[in-house]
Amino acid sequence: TRVGAVVPAAGRGERLGGGTPKALRPLAGRPMLLRAVETLLASAHVTQVVVAAPPTLVDVVGQILGPGVCVVPGGGERVDSVRTALDALDDDIGVVLVHDAARPLTPATLVDAVATAVLAGHPAVIPVLPVTDTVKEIDADGRVVRTPRRDMLRAVQTPQGFRRDILRTAYANRDLPVTDDAGLVEALGVPVTTIPGAEEAFKVTRPVDLVLAEALLADSLA
Ligand code: C5P
């Protein structure tokens, strides 16, 4: 079974600030997206990578990533970007990894672990970490409704891995308000398996995340 990867990289990155689309923000001199794609290609399993870029930057991103990577225009929401990228995968890709461009320090070992679990027969696999903050559910007025038990909660990372046929069916189910791909698959009633995530696979979302990413890179070069 061939394994392919799709990378949603079309977000504007407004929470990060700075103007440039987030995926092209440099970390220690190299764009986050390039780091994320190189990690996917470093996996022994991944044989094709499709990137969803901001529509006005498809050519620029193609030049940054080089001829081995397919770049398609992304959509208004993350789900739209993933759907377009999935359609561009080769027909014989049977397992798909969906990986955020915004997780540039994800270790290749995590990519391999997710791919291996799907190839071993799990239809959907996600890397997770325990949460350190207590999480509250609130209502529209900001009042607390409920406090879920923290030891039963997990924070979800990418890459998330799926049998391609299942992910395609999940994405046919439009307009579900989910923030990750496994959320769509859960809605089908398909079991989703968790494996241990990696601290370095954190998502660069806010300015403080950039500081942490730069510090980790400086440390690993030292
Ligand atoms: O917004 P969030 O941080 O959850 O975005 C996660 C990933 O989805 C990022 O890599 C971002 O570039 C991508 N994205 C996208 N198309 C959008 C919105 C976000 O590809 N319309």
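This is a predicted model, so every value here is computed, not measured. Note that ligands are numbered from 1 as they come in the structure, with each ligand's atoms numbered from 1 the same way.
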Check each atom of ligand 1 against the heavy atoms of [X] and keep those under 4.0 Å away; list them by number with element.
X	value
A102	10 (O)
G76	21 (N)
R15	1 (O), 2 (P), 3 (O)
K22	3 (O)
S81	15 (C), 16 (N), 17 (C), 20 (O), 21 (N)

Worksheet item: Quick one: does ligand 1 sit under 4.0 Å from the side chain of R78, the backbone, both or neither, non-hydrogen atoms only?
Response: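 The answer is both.
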Practice prompt. With side chain to side chain donor-acceptor pair (under 3.5 Å) as the test, would you mind laying out the steps for R2 and T47 before giving the verdict?
Written response: CA-CA 7 Å; R2 274 184 76 200; T47 60; 2.9 Å; yes
Worksheet item: Of K203, R35, R78, which meets salt bridge (Lys or Arg N to Asp or Glu O under 4.0 Å) against D100?
Response: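 Exactly one option meets the salt bridge (Lys or Arg N to Asp or Glu O under 4.0 Å) with D100, and it is R78.
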Discussion item. Would you say V37 ends up clustered with V6 if hydrophobic residues are merged whenever their side chains have heavy atoms under 4.5 Å apart, either directly or through other cluster members?
Written reply: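 Not linked; separate clusters.
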Worksheet item: Is the side chain of D219 donor-acceptor paired with the backbone N or O of A215 at a distance under 3.5 Å, no angle test?
Response: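 No, the answer is negative, given that no donor and acceptor are paired below the 3.5 Å cut-off.
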Worksheet item: Hey, looking at atom 10 (O) of ligand 1, which of P21, A9, P8 has the closest heavy atom?
Response: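 Going through P21, A9, P8 one by one, P8 has the nearest heavy atom to atom 10 (O) of ligand 1.
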Worksheet item: Between the candidates A101, G11, A10, G75, which shows the shortest non-hydrogen contact distance to atom 21 (N) of ligand 1?
Response: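 Considering heavy atoms of A101, G11, A10, G75, the nearest to atom 21 (N) of ligand 1 sits in G75.
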Worksheet item: Are F202 and L216 close enough, and set up right, to give a side-chain contact (heavy atoms from CB on, under 4.5 Å), and what steps lead you there?
Response: CA-CA 12 Å; F202 69 92; L216 287 169; 3.7 Å; yes
Discussion item. By the definition side chain to side chain contact (heavy atoms under 4.5 Å, CB included), identify the one residue from D181, V114, V185, V192 that meets it with Q160.
Written reply: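 Among D181, V114, V185, V192, the one that satisfies the side chain to side chain contact (heavy atoms under 4.5 Å, CB included) with Q160 is D181.
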Fill in: Candidates V49, T106, T39 - the one meeting side chain to side chain contact (heavy atoms under 4.5 Å, CB included) with H99
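Among V49, T106, T39, the one that satisfies the side chain to side chain contact (heavy atoms under 4.5 Å, CB included) with H99 is T106.
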Practice prompt. Say whether A52, considering both its backbone and side-chain N or O atoms, lies within less than 3.5 Å of an N or O atom on ligand 1.
Written response: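 So ligand 1 has no N or O lying under 3.5 Å from an N or O of A52.
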Fill in: Sub-3.5 Å N/O-N/O distance, K203 and ligand 1
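Yes, K203 has an N/O under 3.5 Å of an N/O on ligand 1.
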Item to complete: May I ask you to identify the nearest protein heavy atom to atom 7 (C) of ligand 1, giving residue, atom name and distance to one decimal place in Å?
Response: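 Going atom by atom, the protein heavy atom closest to atom 7 (C) of ligand 1 ends up being D100 OD1, 3.4 Å.
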Discussion item. In the structure I gave you, are the side-chain heavy atoms of V211 and R206 within less than 4.5 Å of one another anywhere?
Written reply: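 Side chain of V211 against side chain of R206, heavy atoms only: no contact under 4.5 Å found.
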Practice prompt. State whether any protein heavy atom lies less than 4.0 Å from atom 16 (N) of ligand 1.
Written response: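 For atom 16 (N) of ligand 1 the answer is yes, since some protein heavy atom falls inside 4.0 Å.
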